[in-house]
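As a basis for the values below, the full set of heavy atoms in this structure was taken, side chains included, without hydrogen atoms, waters or symmetry mates. Values in this document were obtained by computation on a predicted structure and should not be read as measured data.
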Amino acid sequence: MTAVLDLWRKTSALPLGTRAFSLAFSQKAPYFASIRPRFTVIEPDRAELVIRKRRRVHNHLGTVHAIALCNGLEAAMGALAEATIPRDRRWIPKGMEVAYTAKATTDITCIAETDPEQWTADPGDGYDLPVRVRGVRTDGTVVVEGEIRLWVTERTGA
């Protein structure tokens, strides 16, 4: 089990554990702290978090701004990757492509998903691994969707 998944399982069972985990995760990449993600699901091949609609993440229209949405998608993807990747491999983001499909007028749930077989490919010299991502309003409307491509390679010496 990976360190992120192990920490999630230990903390999420405690009172206020998901908040503590979310705060700790945000410290790994400080720009995540600006959106104050609240993780709700972390498991192999799936991660979810919520970005609260609050003034700090508003754009000039009063909706959740595009960069906050992308930060949320990237945080969900990172948690998924850390919870899923085999111990003998490593990953790095390679690219992101998203489409904004509706106004982000409520809290947004950011979801990242992969399929188990994506992680079992022969790493060879490395391979692209697409992670499906989307952001959903509280009424179920998808406001952003796309793909974050990871570059996966074998883990070599320390």
Side-chain angles (χ1 to χ4, degrees), residues 1-12 17-54 57 63-121 123 126-153 155:
M1 182 174 350
T2 67
V4 167
L5 188 55
D6 186 42
L7 182 61
W8 170 255
R9 288 181 176 164
K10 286 178 183 175
T11 59
S12 63
T18 59
R19 287 181 192 228
F21 176 90
S22 298
L23 180 62
F25 190 91
S26 293
Q27 299 311 302
K28 289 296 275 183
Y31 59 92
F32 290 152
S34 69
I35 61 169
R36 289 190 188 161
R38 173 82 56 80
F39 284 89
T40 57
V41 174
I42 298 178
E43 57 192 32
D45 299 302
R46 186 176 180 86
E48 295 184 18
L49 62 85
V50 175
I51 301 172
R52 282 186 24 251
K53 181 181 179 287
R54 57 192 177 88
V57 296
T63 61
V64 179
H65 67 77
I67 299 304
L69 294 171
C70 287
N71 282 347
L73 296 175
E74 190 171 356
M77 172 280 302
L80 172 151
E82 287 296 313
T84 309
I85 195 163
R87 289 192 184 277
D88 64 338
R89 299 183 187 185
R90 62 185 177 186
W91 64 273
I92 187 167
K94 187 175 179 182
M96 173 187 254
E97 188 172 313
V98 296
Y100 302 102
T101 56
K103 288 183 180 179
T105 56
T106 68
D107 293 353
I108 303 298
T109 299
C110 295
I111 304 162
E113 297 175 305
T114 56
D115 299 315
E117 59 274 7
Q118 290 178 268
W119 298 94
T120 60
Y127 66 97
D128 282 330
L129 190 150
V131 178
R132 299 177 305 277
V133 292
R134 69 184 181 281
V136 182
R137 285 192 319 221
T138 57
D139 67 2
T141 302
V142 174
V143 299
V144 61
E145 60 187 342
E147 177 181 284
I148 300 174
R149 287 176 313 286
L150 305 181
W151 182 245
V152 178
T153 59
R155 185 177 300 277

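- The NZ atom of K53 lies 12.0 Å from the NE2 atom of H65; values are rounded to the nearest 0.5 Å.
- A donor-acceptor contact shorter than 3.5 Å links the side chain of Q118 to the backbone of P130.
- Remark: R149 CZ is packed, more than 12 non-hydrogen atoms of other residues, nucleotides or ligands lying under 6.0 Å away.
- Using a 4.5 Å heavy-atom cutoff, the side chains of D128 and W151 are in contact.
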Are M96 and M77 close enough, and set up right, to give a side-chain contact (heavy atoms from CB on, under 4.5 Å), and what steps lead you there? CA-CA 11 Å; M96 173 187 254; M77 172 280 302; over 6 Å; no
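- Under the rule for a side-chain contact (heavy atoms from CB on, under 4.5 Å), the partners of S34 that lie at least two apart in sequence or sit in another chain are N71.
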message = Show, in sequence, the C-alpha distance, side-chain angles and deciding distance for S26 and F39, and conclude whether the side-chain contact (heavy atoms from CB on, under 4.5 Å) test is met.
response = CA-CA 10 Å; S26 293; F39 284 89; 5.7 Å; no
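- Taking the side chain as every heavy atom from C-beta outward, L49 and S22 never approach each other to under 4.5 Å.
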Item to complete: Assess whether side chain to side chain donor-acceptor pair (under 3.5 Å) is satisfied between W8 and E43, documenting all intermediate values.
Response: CA-CA 9 Å; W8 170 255; E43 57 192 32; over 6 Å; no
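- In this structure, CD1 in I108 is found 7.5 Å from OG1 in T138, a value given to the nearest 0.5 Å.
- Here the closest heavy-atom approach between residue A112 and residue V131 is recorded as CB-CG1, 4.0 Å.
- When all heavy atoms of L5 and A83 are compared, the closest pair comes out as CD2-O, 3.8 Å.
- In this structure a side-chain-to-backbone donor-acceptor pair under 3.5 Å is missing from R38 to R52.
- Closest approach of D45 to P116, counting heavy atoms only: OD2-CG, 3.4 Å.
- Atoms CD1 and CG, on I148 and L129 in that order, are 11.5 Å from each other to the nearest 0.5 Å.
- In this structure, the side chains of L73 and C110 come closer than 4.5 Å at one or more pairs of heavy atoms.
- For the atom pair L80 CG and W119 CH2, the distance stands at 6.0 Å (nearest 0.5 Å).
- For the residue pair V143 and K103, the shortest heavy atom distance occurs at CG1-O, 3.4 Å.
- Scanning all heavy atoms of the two residues, the minimum distance from I42 to A79 falls at CD1-CB, 4.1 Å.
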| message | Using salt bridge (charged side-chain N to carboxylate O under 4.0 Å, His left out), reason through R132 and D115 one step at a time and then give a plain yes or no. | response | CA-CA 10 Å; R132 299 177 305 277; D115 299 315; 3.4 Å; yes
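- For the pair T18 (side chain) and T40 (backbone), a donor-acceptor distance under 3.5 Å is absent.
- Within the model, atoms CZ of F21 and CZ of R9 stand 11.5 Å from one another, a figure rounded to the nearest 0.5 Å.
- For the atom pair CZ of R137 and CG of D107, the computed distance is 12.0 Å after rounding to the nearest 0.5 Å.
- In plain terms, the two heavy atoms of P93 and L150 that are nearest each other are CA-CD2, 4.0 Å.
- In this pair, F25 and F32 present their aromatic rings parallel. The plane angle is below 30°, not in the 30 to 60° band.
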